[in-house]
Amino acid sequence: MTPQDRFISIRNVDKYFGSFQAISDVSIDIGHGEFFSLLGSSGCGKTTLLRMLAGFENPSSGGIFIDGQPMTDVPPHLRPVNMVFQNYAIFPHLNVRDNIAYGLRRQKLSGAKVNGMVGEMLDLIKLPGYGNRKANELSGGQRQRVALARALILRPKVLLLDEPLGALDKQLREQMQLELRELQRTVGITFVFVTHDQEEALTLSDRIAVMSRGEVLQLDTPTGLYERPVSREVASFIGTMNFFDGRVTGSDAAGLTVDAAGLGTLHIPGPKGAFTDGDTVHVALRPERFELAGEAPAGESGHARGVVRNAAYLGERSHYYVELEGVEAPVAVSAQNGSGSSFSVSEGSPVWLKWHNEAAVVLRPE
Amino acid sequence: MSDQTLQTRSAPVATQATAGRFGRLMQRSEAARGYALLAPSLIFLGVLILVPFGILLVMSFWTASGFGFDTGFTTANYQKFFERPIYTALLNRSLFISGMVTVFTVLLCYPMAYYVAFHVHRHKMLWIVLMTLPFWTSYLLRVFAWKVVLGYEGVINSALMNMGLIEAPLEFLLYSQQAVIITLAHAWAAFAILPLYVSLEKIDKSLLEAATDLGDGPVRRFFRITLPLSLPGVISASLLIFIPTTGDYITPALLGGPDGAMIGNLIQKQFGPINNWPMGAALSIILMLCIATISLVFILLTLFVRKRVS
């Protein structure tokens, strides 16, 4: 690991509020220029962790380093980080220009220089000419941009974002996601982004730490989280996942052999060592990893017979719920429409499910 | 079935008819309902404030003659006010004293309100109640209590003498402007604490965190964020103290002595021992105009600040 990969280093951090443990033994390294997300449902400790980076909370034990410097004794106003608050915290008694220039006051720049820098920022956030607007004359999306500009104008080493898109409506949120990603690439600053929206995290991030009950469950790239979740909790938090109860019946160099309820015997390549014969496991398969067929497929891929309980046409894709024998919850299947297979499905019709065993993930039961 | 619907429909019509014309008016017009609800206070205001004020205004243009009034219209009282320096001197002193009271009270109460708003997280209401505790006794009792504290053989003087710090009692403590300022500042404290607390409590805590995040230390943050955002509270607290203390006469009468006398004492004497009601009326009207002018400036300032803050 180079120092650049450890631009922000969170080492064995614990945080107690009274007797409540908000963060337990979290260690994360974040690289320079990375778009890093902390993802989890409310109360999982993600905001506490962000506030510790900003300096508003101090770790009960462990240490935080930014660019090699220990942050323990550095008060928030001296840290090389800036934050975009959840409610944006735009100063109501100042106009847009004074809000953006707020942090520049300490640097004792000339008025012309400050105006120039604010002008550049207004261009960057696509609000040119808004300098004299009052905070209460701005829409939600505009306030969010001003909050971004106010933080970015100080050229922080790290920008912290606390659910900045949560208050926006869906359409604006999607637009701002694109702009945020573009902005991050333009300015090249490390972003640490807190969100409870898994889709948002997958869209934006280079890497994501999935948190729950103050712990990091998994730290991986979006693809890694989606394709190779390490636990049932992560698998069900990110996207939709079908779980099948199973038992390991054999393991060899090629992988595991698992008997799974409803799916039959699967030879799953990959995971070795972690499991031994006789272990109870969950076999997890994403909805889009299944295909529907009208007749028993030939070949080596897995297949099972079921009945369609529910079919929903969503334009580009269709969602089906298929009942398999021996499986309690119906299996969610998501199929691309118009992808060549002219096989048509209606509710109640018998189908064959087929899948590739490589796509299956074997998880320990919790 | 149809009979039943007919009956239920006709029922409200019947009650309307019995309610009479007044009832119908009340039902139909929202404005009429509003005035009906306002009527008690409107009558109270009209009879007990506007009518006496009218009498006062008219009387200020009369003159006293013996035990009665000369009801001929004259501006002699107002002329006398500007001719004799004692009147303007007392008015100026009153404005000065209550100005000082206002400044001291706000300066003393701001930290208290700040503490409760930002550093007390539980039982805030209890703290507020505790701070207004002195108001549970009567105004007169509080003034007398200060007399005991500040007096020639009072708490402060005897304590200082027993400690050997002074040889003779400090005389400036009682019967002086200082005594009036100290007592009024204490007596009106709750009127400052409450608006200050409300305006500070309203400040979004994330604004303070944002200012810190953008590089402001605690002092700089106070002057750039907290103070500007709490200015409306400061102004309304000032107004709430300045207006009633300017006309106060109990405290200066009991603690002021000759140096601490205020315009309120003179007005009270005009209506009492001097028995020159028209002059007292003229003085009241002048005081009222002065306070109104200063308050107007205050209110305009508030509106200006509000506009900037929001």
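All chains are named by letter (A, B, ...) in the order of the sequence lines, taking the proteins before the strands, and each is independently numbered beginning at 1.
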Contacting region of [X] [heavy-atom separation from chain B under 4.5 Å]:
X	answer
Arg51(A)	side chain
Leu154(A)	side chain
Ile90(A)	backbone

Quiz item: Which one, Pro156(A), Ala89(A), Gly103(A), leads in non-hydrogen pairs under 4.5 Å with chain B?
Solution: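 Between Pro156(A), Ala89(A), Gly103(A), the count favours Ala89(A).
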Neighbour count above 12 (heavy atom, 6.0 Å) for [X] [atom1]:
X	atom1	result
Tyr139(B)	OH	yes
Asp169(A)	CG	yes
Phe191(B)	CZ	no
Phe118(B)	CZ	yes
Arg105(A)	CZ	no
Lys124(B)	NZ	yes

Heavy atoms, side chains only, cut-off 4.5 Å: are [X] and [Y] in contact?
X	Y	answer
Glu209(B)	Met83(A)	no
Asp213(B)	Tyr102(A)	no
Phe91(A)	Leu214(B)	yes
Asp204(B)	Pro92(A)	no
His93(A)	Leu231(B)	no
Thr212(B)	Phe56(A)	yes

Quiz item: What distance do Asn87(A) atom CG and Lys205(B) atom NZ have between them, rounded to the nearest 0.5 Å?
Solution: 12.0 Å
Practice problem: Mark yes or no for whether His77(A), through its side chain, and Pro218(B), through its backbone, hold a donor-acceptor pair below 3.5 Å. | Solution: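 No; judged by distance alone, with no hydrogens or angles, the pair does not exist.
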Quiz item: Quick one: what part of Asp216(B) sits under 4.5 Å from any heavy atom of chain A, side chain, backbone, both or neither?
Solution: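 Contact with chain A is through both the backbone and side chain of Asp216(B).
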